[in-house]
Structure formats: C-alpha cells, structure tokens
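Just so it is clear: chains get the letters A, B, ... in the order the sequence lines come, proteins before strands, and each one is counted from 1.
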Number of protein chains: 2
Amino acid sequence: MHITLEADYAVRIVHCLARNARRMDAKSISDETGVTLRFSLKILRKLVSAGIIKSYKGTQGGYEVARPLDEITLNDIIETVEGPFTLSRCLKGDYSCGQNCGEGCDCVFRGIYEEISQEVQQKLSAVKFSDLVKNK
Amino acid sequence: MHITLEADYAVRIVHCLARNARRMDAKSISDETGVTLRFSLKILRKLVSAGIIKSYKGTQGGYEVARPLDEITLNDIIETVEGPFTLSRCLKGDYSCGQNCGEGCDCVFRGIYEEISQEVQQKLSAVKFSDLVKNK
DNA sequence: GCTATAGAGGACTATTATAGTATACTTTTG
DNA sequence: CAAAAGTATACTATAATAGTCCTCTATAGC
C-alpha cells in the first residue's frame with residue numbers, strides 16, 4: 001500500500017548525494033541518512049546498475065550522481081528499487097483476478113487501476129532532484 | 001506498493017453484490033468471487049461495520065448493499081479495508097524519517113507524497129459502483 | 001419455544017515480502 | 001603490495017498479509 005522503506009531510503013540517499021554535490025563514500029552516506037551501512041551499500045548498488053549514480057573503487061572511492069539533477073526524478077529512484085508503481089496486482093503480468101467479475105473478464109477494475117497508476121508515475125516523474133535541492 | 005489482496009477481494013465482493021442486486025449469503029458470494037468462505041466472511045464483516053453493506057442473520061439471511069450504488073465508491077471499499085491510501089509512511093502518524101534531509105526536517109518529500117496520495121484518493125472516490133455495474 | 005441456518009467476533013496459524021546482515025571477493029590508488 | 005573502498009550473493013530475522021478455526025448470537029420457520 002505504500003512504497004517500501006528501501007525505496008524511501010533510496011530517495012534519501014540520492015537526495016544526500018545531490019545536495020552535497022561531491023563524491024561521498026558509503027560510510028558518510030550511511031551516517032548522514034541514518035540508513036545502516038550494509039543496507040546503504042545494497043541500495044547504492046541498485047542505483048549504480050540503474051545508471052543513476054556512479055561508483056568509484058579504491059582509496060578516495062565513493063559515489064556521485066551520474067547525471068544532471070534535472071534529469072533525475074523521484075520516479076527514477078522508486079522504479080529502480082521496486083519497479084513501476086502499480087496500484088493493483090491486476091497490473092502485473094502473473095496475477096489473474098479469480099474470475100467472474102463480468103463476462104470475459106478483462107476485469108472491470110483493471111482499466112481504472114491502470115489509469116491511476118500511470119498518473120502516479122507521471123507525478124513522480126515530474127519531481128526533479130534539481131528542485132528538491134533548491135528549496136530544501 | 002500495491003493495495004492488498006484483501007482490499008482487492010473487498011472490491012470484488014461489493015461488485016458482486018452490486019451487480020446481482022439481491023440479498024446473497026456468504027457462500028454464494030464466496031462461490032461467485034472465488035474468495036474462500038472464511039476470508040469472505042471476515043471481509044464482509046468489515047464492510048458491514050463501515051456501513052457499506054447490511055447483513056441479515058438467520059434463515060434467508062445474507063448481505064445486501066446498504067445504499068444506492070452511486071453513493072459507493074472504490075475509495076470507500078479500499079479505505080475500509082486498509083485505511084486511506086498513502087504513498088509513503090511519512091504520511092502516517094507514527095513514522096519519522098531518519099533526519100538530516102534538510103534543516104528542521106519537515107522533510108522535503110512529505111509534501112509531494114501527500115499531494116499525490118490525495119489525488120489517488122480523489123480518483124478512487126470518483127469511481128462509483130453504479131458505473132462499474134452499468135458498463136460491465 | 002426448538003432447531004436449522006446464517007452471521008459475528010476474535011484468537012490463531014501459515015506464508016510471503018520486507019528489511020537487514022555476513023562473508024568472501026575485486027578493483028584502485030598511493 | 002597493502003589499505004581503502006565497492007561488488008556480489010547468500011543468508012537470517014521481522015513484520016505484514018493472507019487465511020483458518022472455534023465459539024457464540026440472532027432470526028425465521030415450523
């Protein structure tokens with residue numbers, strides 16, 4: 001019913017990198033966001049794979065945002081961690097509503113759920129980190 | 001991240017009552033929706049408490065919708081089962097985001113999450129069962 | 001006023017998803 | 001080549017969801 005803590009953390013981690021505007025190692029990120037180091041590392045890796053942040057190994061290594069802040073949206077982060085926002089399981093490939101919700105059953109609700117889900121995705125995509133950092 | 005199965009079932013159960021437009025006992029509802037009898041009973045009770053449907057005990061007992069179909073919305077059902085839709089835990093009383101997401105920390109994201117959540121609630125409130133039954 | 005039918009209430013259990021940790025490995029810089 | 005960092009994956013714990021069971025109460029019809 002709500003986004004996971006992990007996604008919430010991911011958002012805060014990117015926000016942390018965005019507002020500090022410098023390379024930071026996992027420890028500093030963990031300290032500043034309050035997310036445990038290990039869990040931070042896990043989330044950071046996902047963000048790296050998604051191309052939202054870049055990582056550097058070795059001494060002086062750490063993480064930086066990978067692109068301009070106005071090209072990173074809330075939706076990017078959330079989708080990276082938990083896939084596209086969907087209001088109902090109807091909208092995920094595997095799930096089939098029992099049956100009988102009408103004849104033929106391409107389910108009365110599916111269309112509505114889909115429409116709302118897409119609007120949420122759009123809203124989340126409209127929120128850029130450049131704005132989030134400015135009026136902090 | 002998505003509404004629970006229970007809420008989904010609740011929606012289907014009310015839809016079932018709405019389109020049949022007659023008193024039905026739990027067994028028939030269970031058969032028609034594919035939700036197990038026991039779980040149906042549990043959900044039905046919640047819907048009764050919320051005043052969305054009425055129940056009748058004894059022989060010939062069962063359930064009926066409690067008000068006109070254009071006064072029952074998708075949001076009514078979902079809210080009954082799992083409370084108002086909230087995109088993030090930020091929006092629930094108990095939860096506090098770690099800290100440090102800016103000074104003072106009434107958290108940058110809270111406003112955005114709240115706005116989107118309210119829009120979802122409005123969208124769900126706009127869907128009346130009278131419409132859902134018509135164009136099944 | 002009994003009896004069968006149907007719902008109410010709440011405690012309980014199982015399953016799954018989320019949250020978080022540990023361990024072993026690789027890369028980079030000085 | 002050693003220390004500092006990130007990578008990868010497997011594992012465990014916790015909490016939320018999903019679903020069941022048992023006992024009780026009300027009502028309609030005989």
Check the interface with nucleotides 2-8 of chain D: list each N/O to N/O pair with the protein under 3.5 Å, or write none.
unit_1 : atom_1 : unit_2  : atom_2 : d
D:dG6  : OP1    : A:Ala26 : N      : 3.1
D:dG6  : O3'    : A:Ser55 : OG     : 3.4
D:dT7  : OP1    : A:Ser55 : OG     : 2.8
D:dT7  : OP2    : A:Tyr63 : OH     : 3.1
D:dA8  : N7     : A:Arg45 : NH1    : 3.4

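With rounding to whole Å, B:Glu64 atom CD is found 15 Å from C:dA6 atom P. Distance, B:Ile13 CD1 to C:dG7 P: 12 Å, rounded to whole Å. Taking atom CG of A:Asp8 as the reference point, atom C1' of C:dG20 lies 16 Å away to the nearest angstrom. The NZ-C1' distance, from A:Lys42 to C:dT23, rounds to 14 Å in whole Å. In this structure, A:Ile43 atom CD1 and C:dG20 atom P are separated by 8 Å, rounded to whole Å. Distance B:Leu5 CG to D:dA16 P: 17 Å, rounded to the nearest Å. Rounded to whole angstrom, the span from the NZ atom of B:Lys46 across to the C1' atom of D:dT17 amounts to 10 Å. Rounding to whole angstrom units, NZ of residue B:Lys54 and C1' of C:dA8 are separated by 18 Å.
Counting only residues at least two apart or on different chains, the side chain to side chain donor-acceptor pair (under 3.5 Å) pairs with a member in residues 65-77 of chain B are B:Thr73-B:Asp76, B:Asn75-B:Glu79, B:Asn75-B:Ser125.
Residues B:Leu5 and A:Arg89 meet the side-chain proximity criterion, which asks for heavy atoms closer than 4.5 Å. Using a 4.5 Å heavy-atom cutoff, the side chains of A:Val81 and A:Tyr9 are not in contact. A:Asp8 places none of its side-chain heavy atoms less than 4.5 Å from the side chain of B:Phe109. You'll find the side chain of B:Val127 stays beyond 4.5 Å of the side chain of B:Asp131, heavy atoms only.
At D:dA16, none of the side-chain N or O atoms of B:Thr4 fall inside 4.0 Å of OP1 or OP2 (strictly under the cut-off).
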I'd like a table of donor-acceptor pairs (distance under 3.5 Å, sequence neighbours excluded) in which one partner is a side-chain atom from residues 48-66 of chain B, with atom names and distances.
unit_1  : atom_1 : unit_2  : atom_2 : d
B:Ser49 : OG     : B:Arg45 : O      : 3.0
B:Glu64 : OE2    : B:Arg23 : NE     : 2.9
B:Glu64 : OE2    : B:Arg23 : NH2    : 3.3

